[in-house]
Protein chains: 2
Amino acid sequence: MSDEARWLNDAELETWLAVIGMVTRLPNELDQQLRRDAHMSHFEYGVLAALEHAEDATRRMSDLAYVCHGSLSRLSHVVRRLEEQNLIERFACPDDGRSTLARLTDDGRRRLAKAAPGHVELVRSLIFDELSEEEAKEYGRLTRRILDRITK
Amino acid sequence: MSDEARWLNDAELETWLAVIGMVTRLPNELDQQLRRDAHMSHFEYGVLAALEHAEDATRRMSDLAYVCHGSLSRLSHVVRRLEEQNLIERFACPDDGRSTLARLTDDGRRRLAKAAPGHVELVRSLIFDELSEEEAKEYGRLTRRILDRITK
DNA sequence: TCCCATTAGTTGAATGTTCAATTAATGGTA
DNA sequence: TACCATTAATTGAACATTCAACTAATGGGA
């Protein structure tokens, strides 16, 4: 309270308001497009994509939660729903009895391939059509530094 | 499908993965701090703050929804809960019978003032302690351009 | 004046996420 | 070996958000 110096100045506030808008509106935008065109949320898309890029299209639940930026609980619920649609299958980890492995099925791969073009098109139109190549790189570098702070 | 050129290249993908991490993790981080220290979500904080900065600490519901980046339905539910805690009051708009005005109460102002220092401290530690003054401005400009695209 | 498309807001149900409790396996260490 | 703190994952309840349906007021036209 006695520390006025720690308040945000005008320039900082302007930046901060833009950041709030971005982190609030962008997920909504991605969710809407994917729900409309591919009947999945952006988080679900991220789970499928994270599996596709993994060795054997397989990951431990906790690793998957980390790379998808979600809690293990959230992931567990989401994976159950994806499993019910046969997009993912779960099986015990042979190395560690506590772990569960999740693997992308062929159906899952097809659903992802169907969803990807429209999703990428939206990402491109919102970010990479707006910024020059160098601006986009700089934006990535700055964002990564902040993200590393958040992740600790 | 036939359009390989529209896919993301390595640099774009790196930028995009950082952005996804940011928009997914930052809201969680803000929510956790505010819930722990002030028993409110970041969205609720935003609603109170948006009212405080308004003329007579009063705004139409739909304006409030816009500046808070949420749907009118979401805002309606949130405002009901805040009203139950006497942080906000609602009353009919004299100019337009369809509109509802929301006003910050004295209790609401106090709750916001109590929550603000800890919240600002977190924002500062995540963003403005990481970036130089010029980097923060640049980050704000780039983010704003993307946000304007999202908002159309 | 009388429509009626549009805008503003609310509500309840369906859905999704968080939170806390629980189960179970692991890896040290006494 | 027996203990137990830690890690991994799941589950159900509580809570928040979205979605669709609804009420109601407004502002133009015909």
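Lettering of chains follows the sequences in order, A, B, ..., and the numbering in each one begins at 1.
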Take atom [atom1] of [X] and atom [atom2] of [N], then tell me their distance rounded to the nearest Å.
| X | N | atom1 | atom2 | answer |
| --- | --- | --- | --- | --- |
| A/L101 | D/dA8 | CG | P | 13 Å |
| B/R35 | D/dC15 | CZ | P | 11 Å |
| A/E83 | D/dA9 | CD | C1' | 13 Å |
| B/L82 | C/dT10 | CG | P | 13 Å |
| B/D31 | C/dT18 | CG | C1' | 10 Å |
| B/R80 | D/dC15 | CZ | P | 12 Å |
| B/L75 | C/dT10 | CG | P | 8 Å |
| B/I88 | C/dT10 | CD1 | P | 11 Å |

Strictly below 4.0 Å: does [X] bring a side-chain N or O up to OP1 or OP2 of [N]?
| X | N | answer |
| --- | --- | --- |
| A/N28 | D/dT17 | no |
| B/R74 | D/dA16 | no |
| B/R81 | D/dT17 | yes |

Q) With distance as the sole criterion, do the side chain of A/S73 and the base of D/dT11 form a donor-acceptor contact below 3.5 Å? A) yes
* Side chain of A/H77, base of C/dT15: donor and acceptor closer than 3.5 Å? -> no
Ordered by number, residues from residues 52-72 of chain B within less than 4.0 Å of DNA chain C (heavy atoms) are B/R60, B/M61, B/S62, B/L72
Of C/dT26, C/dT10, D/dC19, the nucleotide closest to the side chain of A/D96 is C/dT26
With the side chain defined as heavy atoms from C-beta on, A/R98 is closest, among D/dT10, D/dA16, C/dA25, to C/dA25
Under a 4.5 Å cut-off applied to non-hydrogen side-chain atoms, are [X] and [Y] in contact?
| X | Y | value |
| --- | --- | --- |
| A/T105 | A/I88 | no |
| B/E14 | A/K137 | no |
| A/H42 | A/R35 | no |
| A/V19 | B/V123 | no |
| B/D56 | B/R103 | no |

Please check if the number of heavy atoms outside B/D10 that lie under 6.0 Å from its CG is greater than 12.
no
Query - Between A/N28 and A/Q32: side-chain donor-acceptor atoms closer than 3.5 Å - result: no
Check: Can a donor-acceptor pair be found between the side chains of A/R60 and A/S99 at a distance below 3.5 Å?
Finding: yes
Judged by nearest nucleotide, the residue sitting upstream toward the 5' end of DNA chain C, A/E44 or B/R90, is B/R90
Heavy-atom nearest nucleotide on DNA chain C taken for A/S41 and for A/D95; more 5' hit belongs to A/S41
task: Identify whether any heavy atom of B/S99 sits under 4.0 Å from a base atom; if not, whether one sits that close to sugar-phosphate; answer base, sugar-phosphate or nothing.
output: sugar-phosphate
Residue pair A/Q32/A/T100 against DNA chain D: nearer the 5' end by closest nucleotide is A/T100
